[in-house]
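For reference, the structure is listed below as structure tokens.
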Amino acid sequence: MTEIVASQMPPILHGPSEKERKYDRQLRLWAASGQAALESANILLVNSGAGTVGVETLKNLVLPGIGRFAIYDDRVVDEADLGVNFFLDEDSLGKPRSQCVTELLLELNPEVQGDWYPKEDDATLESLLAASPMFTVIMYTNPVRAEYIHLFESYSRQHKTPLVAIHSAGFYSSFQLHLPGAFPIVDTHPDETATTDLRVLSPWSELGEFARNMAIDIDKLDDHEHGHLPYVVLLIHFIDQWKRSHRNEYPSTYKDKLEFRRLVQTAARTGNPEGGEENFDEAAAAVLKALVPPSLPSGLKEIFDYQPKDPDEESSGFWIIASAVKDFYTENGCLPLPGNLPDMKAKSYVYIQLQNIYKRKAREDVAQVLGRVRAIPAGEHIDPAEVELFCKNAAHVKLINATGGKAEVDTSLAGRLKKVVDQELANDEFAKEAMMPLSLVPIYLALQATAHVASASAQEIIAEVAKVVPDAAQNESIASAAQEVARAEGGELHNVAALTGGMVAQEMIKIITKQYIPIDNTCIFDGINSRCQVLRL
Amino acid sequence: MASAQVYPASEPARWKYLDRIRTRRGPYTTEAYDPSMVAEAMENMMILVIGAGGLGCEILKNLALSGFKNIHVIDMDTIDISNLNRQFLFRQADVGSFKAEVAAKFVEKRVKGVKITPHNCKIQDKDEDFYMKFQLVVCGLDSIEARRWINATLVNMVDEEVEDSYKPLIDGGTEGFKGQARVIFPTITSCIECQLDMHAPRPAVPLCTLASIPRQPEHCIEWAHVIAWDKEKPFPKLDKDDSEHITWLYQKALIRAREFNIPGVTYSLTQGVVKNIIPAIAATNSVIAAACCNEALKIASSCAPSLGYPDNNYMMYSGNDSIYTYTFKHEKKDDCPVCGNLARELVVDPEWTLCELVESFAARPEAQLKKPSIRAESKTLYMQSPASLEEQTRPNLKKTLRELGLAEGEEIGVTDPAFATVSFKFKLKFKQ
Ligand SMILES: [Zn+2]
């Protein structure tokens, strides 16, 4: 164990480096590995229209230290830009917007590099894409030229580059992630309480022996010992006791568990000065969560059932480890043990012993999975640390954009949109009755109607939406959304652009660091009611 | 229907996008909305920003680009290097300067025509006359104590006869990828004190765990912080920003951890535990500050319905797993010690000593009072200050509530130096 080795070394006297101090508040979220991923990322923003939402996104990426960015924007700064974009000033008027914004963004963080385009009138987006070092993610803001979409999509196909389409107008915004295939995340950062896996129903031999030894003469223990039995030990002991009187079956129904909880509670000593025992309280509180037989979480089941679409995907570390974990699960009937033990009332050395039992088992499971990984073709080069991380997080590993495969997406995109829209609008009929919030899909449709035009009237927007929803004009939500989008005439409100830029930056960080869980795949924001909705469109 | 008419106050070309929205009817504007007055009214409005940190920097930028011209900002802090990953108005060379001053200067320079007045001091240094000048208050703070103080102050300032005494309060907060934005109309809608249980304090580790049975690296660090420091006093006063002090605690914690074979004590964890560091990033600040300022624009202009009244007043945001918002109405509480008029029920054991009661206030999610003084209906039970009164009332601490003659249903008043103006009213209910 690395921890034990580290604790035998003399204390490190030097504090954190200058850079660690500057990035301290974010390293606590994504650690050095996430930071390294950010620092090697190269982002392209193709900017247009009122032009603020993409710049606000970049601000939130330059500050945490993205490696480099480029802005492609053929507009010249005018008065209206100064009323909405913070990264321009009086001196910018009449100059290329991409240049001025880039210069002011670069002031935010000397460690970041940035460049702007087009520098000459004839420099096209196409030539930029062909000549630049590979982009990690491409963002573009609406209204975008329709012919650019084709360029982005072919670049994305060729280089497996995620695309982000962003649109902010008046009080509304939306953005959509186009991932180039199935996107797995191992380091999903679930809540700490969700990761506890104690195995008290079927303890492996070392754990079972440890617990039974400690509790063998439980009634003869003095109050101090009795009050310091870790709750894991108590649960294993009382489950044994229960099984003896219940045909060797553990408490499985909700009713059983309540009865079992009473059994634990009544076993606590109350004659002591405290009038109860904290460890028994902890044990009782843990009953409903800890007495759960091993099962396969739906996210992981999806991964086990998924067939990687192309050879590149198939030979990636993730899918090789996933297949090894699947074999492990099939053989053992449970996942590799995560190995963490929550804090609980116990004597220090007892707790540490117990913690080491969990860690040892986790290491054994990792070794077993690693053995299977090595036996798979192309599995011999996989970093054991990657295997360890997968095993630790196995229950929370997540697959985004699971239908994958670009061809499949292309054929079904329009059909999928129609299906989701119909569903959302049908739900609204019930939502109105139940005073529930209504779907935000009308906002998405109204924004999409102006995806390639500077502005449009409410009638024009409704006519465009009618291509997806034939009776759009009769739908009150769609009519209102169309009026609200028309009111903005393609203009941005700074607040809505900044809010959206914050959300997009969070998503970019998740995609680049492969930590936390990105949206799948469209987020719609309603600034009138201050709420979001995420839909898979 | 969107009317074509736009009513700019000044520089129509510059504020083109903003004026299209704030000075024109939309499908959700109410009949009472008068678009012709909006731009000018906003230019004359005085708005106060509390906090010039991660949220504050964003808020100042957002308000300046929302058409507000007269902004004040108050913050007592100076700039630290760990601010630079998100507080985008500050540069390396500004480290050590006052946040309010540097932030105000930066935004004034960038956005022509905006006046921003900095106040490099604590909010508690200002009196009601100061707060009375503003029409709107936007808070971007990381301390719950400061939020409770400004909330109590604004609620107490309300005079039903004087319309100008109602100051809407917009408050934002973040932690990691999560945050919240809320709007409070003092005395009319649920206030920060009504919502206090939404922000329950982390339960403290019992002293006996620290002293005799540590199990976690955090226990070793807290031991170094609470016990070893007091015993050895390596420096006259603990400065949590001094790396030499943190290093001392780190080494002490490490030695203790080795004694008990506890893995995981690091410098970074030591700093995190001792300073109670909350992870923070630019992206989340951007979301929450903009959500707050979006409400400020709507309240100031009525160009769209705002959060706060009559329905939803609270937006929760989470970006950890996909994006999730929950926007809802938090109900005002009749027994809120700040804005309600009923005493709140307090379940106590009559066999508790007064000392136990005093200590229990810090941990109760609905009270969170660290230095409470307590009065019963007919007598003073315990006063934290002045020293003479403390001495006089100290013997009561050892007596049980029953011995002190307190009865079921009796009302007690609790004050705390953090809330000079407020007396929290509680009604005793005895555990059976
Ligand atoms: Zn209240």
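Sequence lines set the chain letters: A, B, ... in the order given, protein chains first and strands last, and positions in each chain run from 1.
- Of the residues listed (Thr327(B), Val287(B), Thr325(B)), the one engaging Cys532(A) in a side chain to side chain contact (heavy atoms under 4.5 Å, CB included) is Thr325(B), and it is the only one.
- Using a 4.5 Å cut-off between heavy atoms, Leu18(B) contacts chain A through both its backbone and its side chain.
- Ranked by heavy-atom pairs under 4.5 Å with chain B, the first of Phe525(A), Tyr349(A), Trp30(A) is Trp30(A).
- Between Gly319(B) and Lys510(A) the shortest heavy-atom distance is O-NZ, 2.7 Å.
- Both the backbone and the side chain of Val84(A) come within contact range of chain B, with heavy atoms under 4.5 Å apart.
- Here the closest non-hydrogen pair linking Ala283(B) and Ala505(A) is CB-CB, 3.8 Å.
- Under the rule for a side chain to side chain contact (heavy atoms under 4.5 Å, CB included), the partners of Val485(A) that lie at least two apart in sequence or sit in another chain are Tyr172(A), Ala446(A), Leu447(A), Thr450(A), Ile461(A).
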Requested in this report: Begin from the C-alpha positions of Arg531(A) and Met316(B) and carry the test side-chain contact (heavy atoms from CB on, under 4.5 Å) through to its verdict.
Outcome: CA-CA 9 Å; Arg531(A) 65 190 183 93; Met316(B) 255 167 32; over 6 Å; no

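- Heavy atoms only, all atoms of each residue included: Ser348(A) and Ser212(B) are closest at OG-O, 4.0 Å.
- Between Ser66(B) and Asn495(A) the shortest heavy-atom distance is OG-ND2, 3.1 Å.
- Both the backbone and the side chain of Leu82(A) come within contact range of chain B, with heavy atoms under 4.5 Å apart.
- Neither the backbone nor the side chain of Val504(A) comes within contact range of chain B, judged by heavy atoms closer than 4.5 Å.
- Of the atoms belonging to Glu11(B), not a single heavy atom falls under 4.5 Å from chain A.
- Partners of Phe328(B) by ring pair (Phe, Tyr, Trp, His ring centres under 6.0 Å), not counting sequence neighbours, listed by chain and number: Tyr314(B), Tyr326(B).
- A side-chain N or O of Asn62(B) and one of His494(A) form a donor-acceptor pair less than 3.5 Å apart.
- Applying a 4.5 Å heavy-atom cutoff, the residues of residues 85-92 of chain A that approach chain B are Asn85(A), Phe86(A), Phe87(A), Leu88(A), Asp89(A), Glu90(A).
- For Gln92(B), the part sitting under 4.5 Å from any heavy atom of chain A is the side chain, from C-beta outward, and nothing else.
- Residue contact with chain B, scored on non-hydrogen atoms closer than 4.5 Å, is absent for Ala497(A).
- Residues that satisfy the side chain to side chain contact (heavy atoms under 4.5 Å, CB included) test with Asp343(A), not counting sequence neighbours, are Tyr351(A), Arg215(B), Gln216(B), His219(B).
- Heavy atoms of Ile277(B) lying under 4.5 Å from chain A belong exclusively to its side chain.
- At a 4.5 Å heavy-atom cutoff, Cys292(B) makes no contact with chain A through either its backbone or its side chain.
- Atoms CG and CG, from Asn85(B) and Leu27(A) in turn, are 8.5 Å apart once rounded to the nearest 0.5 Å.
- Heavy-atom minimum distance, Gly272(B) versus Arg28(A): CA-NH1, 3.5 Å.
- For Ile278(B), the part sitting under 4.5 Å from any heavy atom of chain A is the backbone (N, CA, C, O) and nothing else.
- Taken from CG in Asp526(A) to OH in Tyr28(B), the straight-line distance is 7.0 Å, to the nearest 0.5 Å.
- For the options Lys347(A), Lys59(A), Glu20(A), heavy-atom pairs under 4.5 Å to chain B are most numerous at Lys59(A).
- Rounding to the nearest 0.5 angstrom, the gap separating the CD atom in Gln271(B) from the CZ atom in Arg21(A) is 9.0 Å.
- Formation of a donor-acceptor pair under 3.5 Å by the Lys298(B) side chain with backbone atoms of Gly527(A) is found in this model.
- Contact annotation for Leu297(B): only side-chain heavy atoms (C-beta onward) come within less than 4.5 Å of a heavy atom of chain A.
- Inter-residue side-chain proximity for Asn529(A) and Asn312(B) is flagged as unmet; no heavy-atom pair is nearer than 4.5 Å.
- Residue Lys398(A): no heavy atom, backbone or side chain, is found under 4.5 Å from chain B.
- Exactly one of Asp321(B), Asn320(B), Ile323(B) qualifies for a side chain to side chain contact (heavy atoms under 4.5 Å, CB included) with Ile517(A). That residue is Asp321(B).
- Using a 4.5 Å cut-off between heavy atoms, Thr270(B) does not touch chain A at all.
- Counting heavy-atom pairs closer than 4.5 Å to chain A, the top residue among Pro305(B), Ala181(B), Ala304(B), Ser286(B) is Ser286(B).
- Under the 3.5 Å distance criterion, the side-chain polar atoms of Arg91(B) are left unmatched by any main-chain donor or acceptor of Leu108(A).
- In this structure, Ser530(A) and Met315(B) have side chains that are in contact, with non-hydrogen atoms separated by less than 4.5 Å.
- Using a 4.5 Å cut-off between heavy atoms, Glu507(A) contacts chain B through its side chain alone, with no backbone atom that close.
- To the nearest 0.5 Å, atom SG of residue Cys293(B) and atom CG of residue Leu493(A) are 12.0 Å apart.
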### Task
Please report the C-alpha distance between Ser322(B) and Asp520(A) in whole Å, then the side-chain angles of each, then the deciding distance to 0.1 Å, and finally whether the side-chain hydrogen bond (donor to acceptor under 3.5 Å, both in side chains) criterion is met.
CA-CA 7 Å; Ser322(B) 184; Asp520(A) 191 11; over 6 Å; no

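- Met344(A) touches chain B through its backbone: at least one of N, CA, C or O sits under 4.5 Å from a heavy atom, while the side chain does not.
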Test log, rule side-chain contact (heavy atoms from CB on, under 4.5 Å), inputs Phe171(A) and Asn294(B):
CA-CA 9 Å; Phe171(A) 281 115; Asn294(B) 184 41; 3.3 Å; yes

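- Expressed to the nearest 0.5 Å, how far CZ of Arg22(B) lies from CZ of Arg487(A) amounts to 12.0 Å.
- Comment: Glu492(A) does not engage Arg20(B) in a salt bridge, judged by the lack of any side-chain N to carboxylate O separation of less than 4.0 angstrom.
- Interface remark: of the candidates Ala346(A), Gly170(A), Pro518(A), Gly501(A), Ala346(A) forms the most heavy-atom pairs closer than 4.5 Å to chain B.
- Proximity to chain B involves both the backbone and the side chain of Glu18(A), based on heavy atoms less than 4.5 angstrom apart.
- Gly491(A) and Tyr17(B) make their closest contact through CA-CD2, 3.3 Å (heavy atoms, listed as atom of the first residue, atom of the second, distance).
- Of the N and O atoms on the side chains of Asp24(A) and Ser82(B), not one donor lies less than 3.5 Å from an acceptor on the other residue.
- At a 4.5 Å heavy-atom cutoff, the contact between Glu295(B) and chain A is made by side-chain atoms alone.
- Heavy atoms of Gln355(A) lying under 4.5 Å from chain B belong exclusively to its side chain.
- Between Tyr516(A) and Phe177(B), a ring centre-to-centre spacing shorter than 6.0 Å is recorded.
- When the candidates Cys523(A), Ala50(A), Pro110(A), Pro437(A) are compared by the number of heavy-atom contacts under 4.5 Å with chain B, Ala50(A) comes out ahead.
- One side chain, Gln506(A) or Tyr317(B), offers a donor N or O that lies under 3.5 Å from an acceptor on the other.
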